[in-house]
*Asks:* 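One structure follows; several queries about it will come next.
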There are 2 protein chains.
Amino acid sequence: MLAFLLDPAAQSGPADGASDMHPTRNRLISVATRLFQQRGYHAIGLAEILALSETPKGSLYHHFPGGKPELAEACVARIAESSLAAIDRLSGSGLDMIGFLRRLSEVTAAWLQRTDWLDGSLLAVIGQEQGGANGPLSEAVRIAYQRIEMRLARWLMAEGIAVARARDMAATIIAAQEGALVLARSRHDAAPVTLVTDMLCSMVERG
Amino acid sequence: MLAFLLDPAAQSGPADGASDMHPTRNRLISVATRLFQQRGYHAIGLAEILALSETPKGSLYHHFPGGKPELAEACVARIAESSLAAIDRLSGSGLDMIGFLRRLSEVTAAWLQRTDWLDGSLLAVIGQEQGGANGPLSEAVRIAYQRIEMRLARWLMAEGIAVARARDMAATIIAAQEGALVLARSRHDAAPVTLVTDMLCSMVERG
DNA sequence: GCCAGCATAGACCGACCAGTCTAGCGGGGT
DNA sequence: ACCCCGCTAGACTGGTCGGTCTATGCTGGC
């Protein structure tokens, strides 16, 4: 979710607290995130990540002693941080949840088309690949979803919705958005994103 | 979507037109489907499929000269056929769309728990892994989604909904269900499935 | 009984995988 | 001036990958 805001945010400058980290580490995470979210964890070899980021293998294992899984964990963590930051930014700018959903829909559709349907949801693809496994990577995905859900729920509560309902609505929003992304990518058609957004908006409107 | 009905249907007997195919071919598709939908296409090696299905490599390449991709295509095609058959069965038994969604929710939740969150959506995981690629495998996923969507839309039209709206609703249903599956698996919690179903039901009720 | 074919069986192959290891660079501290 | 060490650099390795190939059942038609 919200992976697209990595591009503007991470590339533009010192936001996200990503710029204070080592440039090589940063570059590895950026390239790996893009590749993983396009084709999944297992389809991407280290060779491709290293070639695209122009990094030797030694550097990767210096910054990520745990190897590929640790790199993927860092990618998931950064997606989570970026998503939270984006939610905070928008919720702090006076937007209401309906406005957020509309805007999310627009930006998502534009992102999908701009990347020619190559980019997808990192959390979704890695979560699906890891399945019900209990490794640290699937745990990272679980936590990422949970943090995003809680942040959305908090926003909904600030709009006067009861806590239990807010959490349910937040989970529904995430599920529907992720599903829309899956279907839109497969169809090469952004329509599912706007359709799901319409449904989510009326859910929020009805309370 | 609707992958779970493979188990009861394919195992119980001569439904789905699957029993008239060669038993080895059938067994390969069943085992490969289960493995792919648990961990994705790239994470599963032929060795594992062959070991679990007790099939030698020669048989695989006899029945699927195209190798792994062709086997995966057959898995996707079977999921599509099973889903269509299930939809037809339920729509023919006097159930309305709301009843279908409720029932789908119950069966999906039970399936997720029964398989200890290991099983997922074959279409979603393969679709995500293939991404925006234009290979025959991602084309198979696209067609599978499209066929299911058209069948659902037909059902909705039979309930008096206009054609354009019916197609939109069908796409929304599929997107939301797939997303719920993704999130539920990651959280090891079936709640997203029922939450999304509630939302879909009110969408259908409102027309 | 015998042949023809489909299907099984698994040894084998080159490519590629993630990961290890040693060597060397370069700049800040003293 | 020197050294130390965070970091870069890439050759190398054992294992696994998908795929090919030859050999061998097995079975229905004659």
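Atoms considered below: every heavy atom in the structure, side chains included; atoms not considered: hydrogens, waters and symmetry mates. So you know, we letter chains A, B, ... as the sequences are listed, proteins then strands, and number each from 1.
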*Asks:* How close or far is atom C1' of C/dT8 from atom CG of B/N26, stated in whole angstroms?
*Replies:* 17 Å

*Asks:* Looking at A/R39 and A/D119, is there a salt bridge between them, counting it only when a charged N and a carboxylate O are closer than 4.0 Å?
*Replies:* no

*Asks:* Does A/R103 pair with A/E106 as a salt bridge, N-O distance under 4.0 Å?
*Replies:* no

*Asks:* Find the distance B/K68:NZ to D/dT16:P and express it as a whole number of Å.
*Replies:*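 In whole Å, D/dT16 P lies 15 Å from B/K68 NZ.
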
*Asks:* Is B/E81 salt-bridged to B/R78, going by a charged N under 4.0 Å from an acidic O?
*Replies:* no

*Asks:* What is the distance, rounded to the nearest whole Å, between atom OH of A/Y61 and atom P of C/dA18?
*Replies:*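 Distance check: A/Y61 OH to C/dA18 P gives 7 Å.
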
*Asks:* Below 4.0 angstrom, which residues in residues 44-51 of chain B have at least one non-hydrogen atom near DNA chain C?
*Replies:* none

*Asks:* With a 4.0 Å cutoff (strictly under), does any side-chain N or O of B/H62 reach OP1 or OP2 of C/dA7?
*Replies:*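 Yes.
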
*Asks:* Would you kindly check whether a donor in the side chain of B/K57 faces an acceptor in the base of D/dG19, or vice versa, at under 3.5 angstrom?
*Replies:*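 Counting by modelled atom types and ignoring angles, a donor-acceptor contact under 3.5 Å is found here.
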
*Asks:* Measure from NE2 on B/H63 to C1' on C/dA7 and round the result to the nearest Å.
*Replies:* 6 Å

*Asks:* If you apply the rule side chain to side chain contact (heavy atoms under 4.5 Å, CB included), what do you find for A/I173 with A/M203, and how did you get there?
*Replies:* CA-CA 9 Å; A/I173 290 170; A/M203 175 188 77; 4.1 Å; yes

*Asks:* Report all interatomic pairs (protein N or O, nucleotide N or O of nucleotides 23-27 of chain D) with separations under 3.5 Å.
*Replies:*
none

*Asks:* Distance check needed: D/dG18 P versus B/L137 CG, whole Å only.
*Replies:*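 Roughly 14 Å, once rounded to whole Å.
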
*Asks:* What's A/G58 touching, base or sugar-phosphate or nothing? Going by heavy atoms closer than 4.0 Å.
*Replies:*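 Base, at least one base heavy atom under 4.0 Å.
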
*Asks:* Could you tell me whether the side chains of B/Q146 and A/R187 share a donor-acceptor contact shorter than 3.5 Å?
*Replies:*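 No donor-acceptor contact under 3.5 Å links the two side chains.
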
*Asks:* Choosing from D/dG6, C/dT8, D/dG10, which nucleotide comes nearest the side chain of A/P56?
*Replies:*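 Nearest nucleotide to the side chain: D/dG10.
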
*Asks:* Figure out the NE2/P separation between B/H42 and C/dC16, and round it to whole Å.
*Replies:* 15 Å

*Asks:* Search all heavy atoms of B/L46 against all heavy atoms of B/L60 and return the closest pair with its distance.
*Replies:* CD2-CD1, 4.1 Å

*Asks:* Search all heavy atoms of B/H188 against all heavy atoms of A/N134 and return the closest pair with its distance.
*Replies:*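 Closest approach of B/H188 to A/N134, heavy atoms only: CE1-OD1, 3.8 Å.
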
*Asks:* What is the distance from CZ of B/R25 to P of C/dT8, rounded to the nearest Å?
*Replies:* 12 Å

*Asks:* Among C/dT8, D/dT8, D/dG18, which nucleotide has an atom closest to any side-chain atom of B/T24?
*Replies:* C/dT8

*Asks:* Rounded to the Å, how far apart are B/E54 CD and C/dG10 C1'?
*Replies:*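 About 15 Å, once rounded to whole Å.
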
*Asks:* As a quick check of understanding, evaluate side chain to side chain contact (heavy atoms under 4.5 Å, CB included) for A/T55 and A/T24, giving each step before the final call.
*Replies:* CA-CA 7 Å; A/T55 307; A/T24 300; 3.8 Å; yes

*Asks:* Check the side chains of A/R102 and A/S105 for a donor-acceptor pair under 3.5 angstrom, ignoring hydrogens and angles.
*Replies:*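 No donor-acceptor contact under 3.5 Å links the two side chains.
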
